[in-house]
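FYI, side chains are in, hydrogens and waters are out, and symmetry mates aren't considered; it's all heavy atoms of this structure.
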Amino acid sequence: MARFFTLASGSSGNSAYVGSSEAGILVDAGISCRSILAGLDAQRVPLEHIQAIFITHEHIDHIRGLKVLMKRLQVPLFASEPVLEFLTANDAVPAGTRLESINGESVPVAGMRVSSFRTSHDSIHSLGFRIETADDRRIGICTDLRF
């Protein structure tokens, strides 16, 4: 059965979990690693269930806890190429992090399919994600939209 919950949403930080009772992903890590871990624990999601992190864009309220979290989880990090370049250049990810560019294609992860789409925002590059779960549910996550 699909699970979705937000760990934080708003200008003070953004992070969400999408997955099942066996595996899942995080979208954004804009709060402290400690807060993300506490939120996952409160929802009874073991750390080993997190199989990847997807980043919508590079603003601090979407990446605040990323570096410390990546040290703990050591999972692939998905984002657009410009965002991955920014994160690397600004020491926002630990050395050796597996960086995966996602630009419209669909990737299998945690028993789901995740695809990206461009969104409008005042960042170097901003993506939303469309996630198809193993039980045929679909969720779209887009943040900070500008019209």
* **Pairing residues for Asp136 by the side chain to side chain donor-acceptor pair (under 3.5 Å) criterion, not counting sequence neighbours** => none
* Asked: Which heavy atom of Ala52 sits nearest a heavy atom of Phe78, and at what distance?
  -> CB-CE1, 3.8 Å
* To do: Apply salt bridge (charged side-chain N to carboxylate O under 4.0 Å, His left out) to Arg3 and list each qualifying residue two or more places apart in sequence or on a separate chain.
  => none
* List the atom of Cys142, the atom of Thr119, and the distance in Å for their closest heavy-atom pair. => CB-CG2, 4.0 Å
* For Ala29 and Leu69, work out which heavy atoms get closest and say how close. => CB-CD2, 4.0 Å
* Asked: Do any N or O atoms from the side chain of Thr6 and from the backbone of Ala8 form a donor-acceptor pair under 3.5 angstrom?
  -> no
* To do: Go through the structure and list residues passing side chain to side chain donor-acceptor pair (under 3.5 Å) with Ser123, not counting sequence neighbours.
  => none
* Applying ring pair (Phe, Tyr, Trp, His ring centres under 6.0 Å), name anything that partners His121, two or more places apart in sequence or on another chain. => His57, His59
* Structure fact -> Sorted by chain and number, sequence neighbours left out, side chain to side chain donor-acceptor pair (under 3.5 Å) with Asn103 holds for Ser101
* Asked: Would a distance-only check, ignoring hydrogens and angles, find a side-chain to backbone donor-acceptor pair under 3.5 Å from Asn14 to Gly10?
  -> yes
* Write out all pairs satisfying side-chain hydrogen bond (donor to acceptor under 3.5 Å, both in side chains) with one or both partners inside residues 29-38, taking only residues at least two apart or from two chains. => Ser32-Ser35
* Asked: Any side-chain heavy-atom pair from Tyr17 and Leu40 closer than 4.5 angstrom?
  -> yes
* **Residue list, side chain to side chain donor-acceptor pair (under 3.5 Å) with Ser116, at least two apart or on another chain** => none
* To do: Report the residue from Leu77, Val107, Leu26 that forms a side chain to side chain contact (heavy atoms under 4.5 Å, CB included) with Phe54.
  => Val107
* How would you list, by chain and number, every residue that makes a side-chain contact (heavy atoms from CB on, under 4.5 Å) with Pro108, sequence neighbours excluded? -> Arg113
* Asked: Are Leu99 and Val114 connected in the hydrophobic side-chain network, where two residues link if heavy atoms are under 4.5 Å apart?
  -> no
* Asked: Considering only heavy atoms from C-beta outward, does the side chain of Val83 approach that of Glu58 to under 4.5 Å?
  -> yes
* How about Phe5 and Val18: do any of their side-chain heavy atoms sit closer than 4.5 Å? -> no
* **Distance-minimising heavy-atom pair for Arg72 and Cys33** => CG-SG, 4.1 Å
* Is the backbone of Ser12 close enough, under 3.5 Å, to the side chain of Arg64 for a donor and an acceptor to pair up by distance? -> yes
* Asked: Looking at side-chain heavy atoms only, is the closest gap between Ile25 and Ile53 below 4.5 Å?
  -> no
* Asked: Can you name the side-chain contact (heavy atoms from CB on, under 4.5 Å) partners of Pro82, sequence neighbours left out?
  -> Ser80, Ile124, His125
* Asked: For Phe86, what residues pass the ring pair (Phe, Tyr, Trp, His ring centres under 6.0 Å) criterion, not counting sequence neighbours?
  -> none
* Leu87 with Val68, same ILVMFWY side-chain cluster at under 4.5 Å -> no
* Asked: If you look at every heavy atom in Met112 and Gly19, which pair is closest and at what distance?
  -> SD-CA, 3.9 Å
* Structure fact -> Heavy atoms of Gly30 and Ser15 approach each other most closely as N-CB, 4.5 Å
* Asked: Going by atom types alone, do Asp28 and Thr56 pair a side-chain donor with an acceptor below 3.5 Å?
  -> yes
Side chains of residues 128-135: which donor-acceptor partners sit under 3.5 Å, not counting sequence neighbours?
| from | atom 1 | to | atom 2 | distance (Å) |
| --- | --- | --- | --- | --- |
| Arg130 | NH1 | Glu132 | OE2 | 2.6 |
| Thr133 | OG1 | Asp135 | OD1 | 2.5 |
| Thr133 | OG1 | Arg137 | N | 3.0 |
| Thr133 | OG1 | Arg137 | O | 3.3 |
| Asp135 | OD2 | Ala2 | N | 3.0 |
| Asp135 | OD2 | Arg137 | NE | 3.4 |

* By salt bridge (charged side-chain N to carboxylate O under 4.0 Å, His left out) - contacts of Glu81 (at least two apart) -> none
